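Atoms within a ligand are numbered from 1 in the order they appear, just like the ligands themselves. Being a predicted model, the structure only gives us computed values, none of them experimental. Note that these values count all heavy atoms, side chains included, but never hydrogens, waters or copies made by symmetry.
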Amino acid sequence: MKSELTNGSGISNKIALLLVEGARVPVRKRSTDDWIEGEIVAKRPLENGKQEFYIHYIDYNKRLDEWVSDDQLDVNKIKLPQTKNSRPVSPTAMLNKVSRKRKIEDTNGYSSSHSANSDTDDSPTIVPPIVPAGPPSTGSLSQNQNTYDGLTRIKNVQQIEMGKARMTPWYFSPYPQELCNLPVIYICEFCLKYLKSSNCLKRHKLKCKLYHPPGNEIYRKNNISVFEIDGRKNKNYAQNLCLLAKLFLDHKTLYYDTDPFLFYVMTEYDQFGLHMVGYFSKEKESSEDYNVACILTLPCHQKKGYGRLLIEFSYLLSQVEGKLGSPEKPLSDLGLLSYRSYWSNAVLEALIQYLDSPTESPPSLTILELCDRLCMKKEDVISTLQHLNLIHYYKGQYIICLSNEIIDQHRKSMFRRKVRIDEKYLQWQPKDWSKRGKW
Ligand code: ACO
Ligand code: ZN
């Protein structure tokens with residue numbers, strides 16, 4: 001009997017036709033060897049005639065999305081896409097679709113304004129300015145969301161090198177296409193300019209006189225500093241920062257204009273300079289009282305407490321402004337973990353401090369008073385009290401109950417936190433942006 005035709009990959013052509021964009025199939029994840037249901041986002045031919053599939057693992061964060069080979073797919077369990085939009089398409093049709101999308105975006109100002117920083121060209125970086133989050137503005141990428149979506153679901157940058165660290169991006173970021181084809185993009189750790197090779201970076205460093213972020217250093221204690229950068233005055237830096245941040249931030253709409261934002265960059269000092277560890281952005285005027293638009297710790301510095309320090313710093317600014325603040329929603333999974341941790345500690349600390357020296361007997365502290373002490377919005381305080389399971393119904397009213405066990409746990413966890421933001425070291429006056437004609 002004649003055997004069924006196969007493509008170069010060993011799977012039959014019939015099956016290959018079922019492996020379309022939107023189809024779901026169990027995938028063996030190389031890092032864990034587990035079979036996880038994945039959705040095919042895209043596919044591409046390889047030189048050896050095989051194909052690779054870009055997989056999103058269902059119920060997992062998109063930063064785990066990856067290219068896999070067909071031998072990692074359980075082709076006996078393919079589920080075809082159900083919706084009209086994700087109708088099966090042939091591989092060629094799909095590739096055409098992708099390149100058409102690319103063209104549509106180009107007409108919206110992408111590749112035309114994208115210039116890779118060449119060997120000789122050290123002129124200011126011109127990139128499409130993007131700002132995570134913020135008020136609707138003209139130039140919002142969301143206007144092109146439909147055409148933009150497909151392409152931006154796929155990670156486009158292989159690796160970045162910044163200072164001593166190499167980092168693998170988590171998400172799409174609109175770096176110039178010619179740089180995305182390279183194995184590594186080199187980023188000047190001080191001005192955040194992106195370059196195509198280590199030689200270009202070396203040459204750039206001869207000219208780049210920065211050894212810290214631009215803007216004003218508004219906080220310094222020991223080796224930790226924070227710089228305030230105005231998105232209007234330092235547009236190149238702000239745009240490069242957004243481009244970099246986008247590699248690790250996925251859930252926010254992006255906007256072109258950096259003018260309405262301030263950027264607070266946290267650095268760690270050593271003999272070679274003040275090296276960025278993370279940052280948060282903040283709208284100059286927020287109608288919703290957001291005190292953080294986007295927050296990021298560079299992956300090479302994550303899980304060392306900088307995220308918490310940045311959050312603590314954002315609330316210190318709110319305190320000086322005399323406002324209650326809250327981070328812009330939605331929070332990412334890691335954002336929620338970090339805020340939950342900060343809020344829980346802050347609320348417990350305030351309650352314990354109050355109990356140590358109550359102003360009334362029996363002690364009585366309302367939720368609104370807690371909000372004022374912590375500069376936190378009511379909904380964040382209430383959700384934290386609920387998360388900690390501290391609210392109880394007693395004799396017709398809600399009361400906050402703190403057990404000795406919780407107090408002990410909290411003291412132990414605070415003991416581990418050696419580095420805290422110290423308000424004495426902040427040198428900063430808030431500006432009233434509403435009184436200014438222009439940001
Ligand atoms: N897994 C489990 N817990 C984690 C993880 C993780 N990967 N990362 C942080 N946490 C927990 C920590 O255990 C810690 O809790 P603890 O203090 O109770 O031990 C808490 O979160 C804070 O940890 P930090 O070390 O201070 O946080 P980090 O420096 O890693 O930064 C951040 C946290 C900023 C969210 C970082 O993960 C990041 O940049 N992520 C990518 C960008 C992002 O998602 N930003 C938030 C978007 S929401 C918004 O912008 C408003
Ligand atoms: Zn530089």
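- Within the set Ser326, Gly305, Ser332, the minimum heavy-atom distance to atom 25 (O) of ligand 1 is found for Gly305.
- The residues Arg153 and Glu21 are annotated as not salt-bridged, no charged nitrogen and carboxylate oxygen being separated by less than 4.0 angstrom.
- Distances from ligand 1 to the non-hydrogen atoms of Ser413 include no value under 4.0 Å.
- Residue contacts with ligand 1 include Trp170, since one of its heavy atoms falls under 4.0 Å from the ligand.
- In this structure a side-chain-to-backbone donor-acceptor pair under 3.5 Å is present from Lys43 to Leu19.
- For atom 31 (O) of ligand 1, the nearest non-hydrogen atom from the set Thr297, Leu296, Asp250 comes from Thr297.
- Counting the atoms of ligand 1 from 1 in the order shown, those under 4.0 Å from a heavy atom of Phe248 are 41 (C), 42 (C).
- Only side-chain heavy atoms of Ser341 come within less than 4.0 Å of ligand 1; its backbone N, CA, C and O stay farther off.
- The existence of a salt bridge linking Lys77 and Glu37 is excluded, since no basic side-chain nitrogen approaches an acidic carboxylate oxygen closer than 4.0 Å.
- In this structure, Tyr186 has its ring center no closer than 6.0 Å to that of His204.
- Between Lys284 and Asp259, no side-chain nitrogen of the basic residue sits less than 4.0 Å from a carboxylate oxygen of the acidic one, so the salt-bridge criterion is not met.
- At a heavy-atom cutoff of 4.0 Å, ligand 1 is contacted by the side chain of Leu249 but not by its backbone.
- Heavy-atom proximity to Arg308, at under 4.0 Å, picks out these atoms of ligand 1: 17 (O), 22 (C), 26 (O).
- Contact annotation for Ala293 and ligand 1: only backbone heavy atoms (N, CA, C, O) come within less than 4.0 Å of the ligand.
- Within 6.0 Å of atom NZ in Lys418, more than 12 heavy atoms from other residues, nucleotides or ligands are found, so the atom counts as buried in its surroundings.
- Which parts of ligand 1 touch Leu331 is read off a 4.0 Å heavy-atom cut-off, strictly below it: atoms 48 (S), 51 (C).
- Evaluated by nearest non-hydrogen atom to atom 50 (O) of ligand 1, the leading choice among Leu336, Leu298, Ile295 is Ile295.
- Taking only non-hydrogen atoms, the option from Cys294, Pro327, Gly307 nearest to atom 27 (O) of ligand 1 is Gly307.
- Rounded to 10 degrees, the SG-metal-SG angle spanning Cys208 and Cys188 at the Zn ion (ligand 2) equals 120°.
- Between atom 30 (O) of ligand 1 and the options Lys303, Lys304, Glu328, the minimum heavy-atom separation is to Lys303.
- The option with the heavy atom closest to atom 35 (C) of ligand 1, from among Pro299, Ser344, Ser281, Ser338, is Ser338.
- For ligand 1, the atoms closer than 4.0 angstrom to any heavy atom of Tyr306 are 26 (O), 29 (O).
- Considering the Zn ion (ligand 2) as centre, the angle to NE2 of His204 and to SG of Cys191 is 90° (10° rounding).
- Side chain of Ser383 to main chain of Asp380: a donor-acceptor pair is present (N/O by atom type, distance under 3.5 Å, no hydrogens or angles).
- Between Leu402 and Leu355 the shortest heavy-atom distance is CD1-CD1, 3.6 Å.
- Below 30°, between 30° and 60°, or above 60°: for Phe313 and Tyr264 the angle between ring planes is between 30° and 60°, a tilted geometry.
- The closest approach between a heavy atom of Arg417 and any atom of ligand 1 is below 4.0 Å.
- For Phe227 and Tyr279, the ring centers sit 6.0 Å or farther from each other.
- The aromatic rings of Trp343 and Tyr339 lie tilted to each other, with the angle between the two planes from 30° to 60°.
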Verdict with supporting geometry, Lys221 and Glu423, salt bridge (Lys or Arg N to Asp or Glu O under 4.0 Å):
CA-CA 10 Å; Lys221 185 178 180 191; Glu423 59 185 278; over 6 Å; no

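- The ligand atoms of ligand 1 that sit less than 4.0 angstrom from a heavy atom of Leu334 are 5 (C), 6 (C), 7 (N), 8 (N), 35 (C), 37 (O), 40 (N).
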